[in-house]
Amino acid sequence: MCITHCYQKTPQFILTVLLIAVFATPTLTYALTSTPTIREGLIQAIKARAQRDVELDRKPAGVSDLEVLFGKEAKALGLTMVEVLDSYEVAYSAATPWWEPYVPAGLAAVMLFVLYILGDVVKEYLTRLFKWLAEGAYNHLAGYKPFWLIALRRYRRALLREYKELKIPFRPERPLQMGEIYVPLKATGSNSRDLVDAHTALGQHNRLMVVGAPGSGKTMLMRYIALTYAREAARDSRGQSIPILLELHRLNDSSESLLAHLTAALGRHDFPNAHGFVKAWLKHGLLLLLFDGLDEVNQEGRERVVTQIKDLLQAGPDCRVVVSCRTAVYNDEFANCLDQQMEIVEFDDRQIQRFLSAWAPEMPPGKSVEHLLHTLRERPRIMALARNPLLLTIIAYLYSDTAFVLPHSRAEFYERSTTVLLDQWDQVKQKRNQYKAAHKRLLLQGLALYYQERAGTQLQDRRSASLTDIVTEIKKALPTLNLSETHAQSILDEIVERSGLLIALDGGIRYQFTHLTLQEFFAALALKDKSEHLVAKFQADPGTWRETVKLWCGLEHDSTAFIKRIAAADPITALECLGDTQQVDSRLRRRTDPVLPDLLGETQPEPGNHNAGIGVGGRRPPPAGGNRLQEPGYHPNQCGGRAGCAAGCGSGSLAEQPAPGCRRIVRARPPRSCAPPPAGPNGQPCRSCPGGIGSGTASLG
């Protein structure tokens with residue numbers, strides 16, 4: 001009955017349930033979801049605050065800040081402050097750019113780096129400032145007596161830096177150590193037959209005149225003396241003299257006193273304002289004055305320079321002095337004020353071997369000092385060149401560093417060696433030459449002629465010229481080479497840096513040929529087709545043009561007519577030319593041969609002598625017979641010298657002008673020296689043969 005009653009009420013029941021569900025669902029839903037919605041809203045508010053703090057570049061809020069802002073709501077919704085803080089920090093981190101956390105560290109690193117760089121700059125600046133102030137103070141105070149010892153220490157260090165290495169222009173990256181390369185030079189006194197070490201002779205004589213052939217080592221001797229002082233090894237029983245090395249060619253274009261030049265020489269080696277020092281030490285005899293290259297003083301200024309030196313020697317009578325000069329142009333200017341005259345003789349075989357030993361480490365596989373010596377012995381004329389230190393240096397370099405094959409003649413050696421040197425390129429930097437060797441050769445010919453002709457100009461230096469003058473001369477020649485004037489400086493730099501045939505002086509203010517011999521050779525090339533011009537030059541100034549005349553004869557042309565014209569002005573020079581000439585009428589050579597026994601004094605060379613047997617055309621002198629040749633009209637300086645030298649037994653050097661009335665007597669002479677000749681009519685002793693038999697130059701090899 002009950003079931004029947006329920007079924008009877010079913011529609012009403014279902015309807016009631018549906019109405020309850022419809023109206024009760026929102027209420028239930030609200031009851032179930034209202035709390036999470038409020039909670040989420042609070043969390044969103046917390047995140048919004050975090051984003052706003054980031055946008056406003058505020059610092060992250062702390063717990064106390066969040067509690068003030070959201071503490072009451074969070075507590076009502078059951079959120080702990082830890083959950084509030086966590087939500088805030090997550091939102092704050094998400095809103096912050098990824099790189100922003102690294103900004104402080106980056107800025108710190110950058111600032112440290114900047115400070116590091118600026119610190120070095122500041123440190124360097126301060127260092128340079130203090131150094132500049134110290135140098136300024138030193139430059140001002142060095143000349144005062146209390147600071148002389150400090151200045152001398154710095155002077156010694158400067159000399160050591162300057163002269164400890166032998167700088168070879170054509171291999172600038174590899175200088176040789178002077179202590180290893182220097183060979184004690186042998187010299188013979190004007191009144192002695194004995195050979196002595198030139199450096200030892202300095203300890204025996206207070207005032208010394210050193211003469212020698214071009215490139216014989218006079219300048220190297222002077223520099224070695226200065227270097228020895230710098231190493232504190234030049235002490236003798238009287239203590240230590242302070243050397244001052246002065247290249248005399250510096251006096252050519254200057255009106256300053258010799259004392260000023262000595263002061264400037266000290267200044268170039270870190271002893272500034274030394275005028276008072278020079279005067280005081282000159283007075284007390286504590287200086288060693290090294291005057292290098294009297295032959296490099298031009299003809300017009302020579303008397304002035306000689307007078308200045310003599311006056312200085314008189315002002316400092318106790319000072320030690322060494323003067324050097326080419327044998328050919330020394331006219332006994334200092335015969336009355338120097339103690340001894342020494343002549344540097346050529347290298348003997350042992351000295352050549354010792355000199356070359358320093359090159360042994362530089363030689364590539366397949367080459368050796370022994371092989372080079374063997375090659376030189378097979379080429380007598382090149383061996384004669386090798387007895388000259390300068391030319392031996394070139395030979396050693398060409399043999400060690402290039403594929404150069406030594407020729408048999410002197411002229412060919414100069415021609416080919418300079419060609420090789422002009423073609424050298426910078427192998428260290430792998431930088432090829434910009435200019436042709438032939439073009440550089442033509443420029444050097446013009447410059448050499450310019451230098452040579454300057455000797456006849458008032459107060460002009462034929463050894464060096466200013467950069468301005470050199471560039472001007474180069475610009476004159478560049479159009480003939482199809483080059484614009486803008487190339488002048490760069491082609492000069494290439495010649496200097498890669499060939500070494502020209503060198504810069506005083507930081508590039510002046511330039512000169514590496515050696516006067518090279519200058520004279522290029523001058524001969526410049527005048528190859530101008531023989532009359534060269535003859536006129538020689539007649540006007542024999543001392544300046546003698547070597548150029550001899551080298552001209554070694555070029556590839558017939559020299560017969562030229563030698564005849566030279567003979568009219570100077571028979572001895574003409575005879576010397578025969579040893580150099582490549583082409584000459586055989587009748588001229590035969591006509592000179594009969595005079596050789598008289599010219600040589602019928603001297604028999606001693607065993608072991610290297611060049612005594614080499615005469616004109618390779619003819620050996622006859623055995624000793626005691627004949628003597630007496631000739632009027634020669635200066636005492638020529639006595640016993642040039643005739644034998646011209647025939648192949650000497651250095652080919654003589655005074656320029658004969659003095660009337662002097663009778664030359666050529667005696668039989670032992671190797672490398674001459675018997676003391678008699679006095680001339682003026683009372684001065686006749687000077688011995690320059691170099692003596694056995695010291696012949698390549699011109700007669």
Do Leu288 and Ile242 have side-chain heavy atoms sitting under 4.5 Å apart? no
Between Trp281 and Trp148, how do the two ring planes meet: parallel, tilted or perpendicular, split at 30° and 60°? perpendicular
Candidate pair Glu296 and Glu247, rule side-chain contact (heavy atoms from CB on, under 4.5 Å), full reasoning: CA-CA 9 Å; Glu296 296 177 6; Glu247 301 89 353; 5.6 Å; no
Residues in side-chain hydrogen bond (donor to acceptor under 3.5 Å, both in side chains) contact with Arg302, at least two apart in sequence or another chain: Glu333
Does NZ or CZ of Arg546 lie under 6.0 Å from the centre of the six-membered ring of Phe538, at an angle within 45° of the ring axis? no
Look only at the side chain of Arg387 and the backbone of Phe347, and say whether a donor-acceptor pair between them is shorter than 3.5 Å. yes
Does Lys186 have any salt bridge (Lys or Arg N to Asp or Glu O under 4.0 Å) partners at least two apart in sequence or in another chain, and if so, which? none
Taking side-chain hydrogen bond (donor to acceptor under 3.5 Å, both in side chains) as the test, write out the residues that go with Thr263, two or more places apart. none
Run the ring-ring contact (aromatic ring centres under 6.0 Å, His included) test on Tyr163 and Tyr224 for me, step by step, so that the C-alpha distance in whole Å, both residues' side-chain angles and the decisive distance to 0.1 Å come before the verdict. CA-CA 7 Å; Tyr163 300 129; Tyr224 188 75; over 10 Å; no
CG/Leu376 to CG/Leu385 distance, rounded to the nearest 0.5 angstrom? 9.5 Å
Between Glu520 and Gln452: side-chain donor-acceptor atoms closer than 3.5 Å: no
For the backbone of Val210 and the side chain of Ser324, can you confirm whether one donor and one acceptor N or O come within less than 3.5 Å of each other? no
Output yes when a side-chain donor or acceptor of Arg207 lies under 3.5 Å from a complementary backbone atom of Cys319, and no otherwise. yes
Does Arg154 have any side-chain hydrogen bond (donor to acceptor under 3.5 Å, both in side chains) partners at least two apart in sequence or in another chain, and if so, which? Glu135, Asp270
Mind running side-chain contact (heavy atoms from CB on, under 4.5 Å) on Ile244 and Leu290 for me, showing each step along the way? CA-CA 6 Å; Ile244 305 178; Leu290 305 173; over 6 Å; no
Are the side chain of Arg326 and the backbone of Asp295 linked by a donor-acceptor contact shorter than 3.5 Å? no
Side-chain heavy atoms of Phe334 within contact of Leu208, under 4.5 Å: no
Checking the side chain of Arg304 only, and the main-chain atoms of Leu251 only, is there a donor and an acceptor separated by less than 3.5 Å? yes
List in chain and number order the residues that pass ring-ring contact (aromatic ring centres under 6.0 Å, His included) with Phe413, two or more places apart in sequence or in another chain; answer none if no residue qualifies. none
Parallel, tilted or perpendicular, as decided by the 30° and 60° cut-offs, for the rings of Tyr155 and Tyr229: tilted
Between the side chain of Lys283 and the main-chain N/O of Val278, is any donor-acceptor distance below 3.5 Å? no
Mind checking side-chain hydrogen bond (donor to acceptor under 3.5 Å, both in side chains) for His261 and listing every partner two or more places apart, or none if nothing turns up? Ser254
Got more than 12 heavy atoms from elsewhere within 6.0 Å of CD, Gln177? yes
When you measure from the side chain of Gln351 to the backbone N and O of Asp348, does any donor-acceptor pair fall under 3.5 Å? yes
Within the 3.5 Å criterion, strictly below it, is a donor on Thr327 or Glu343 matched to an acceptor on the partner's side chain? yes
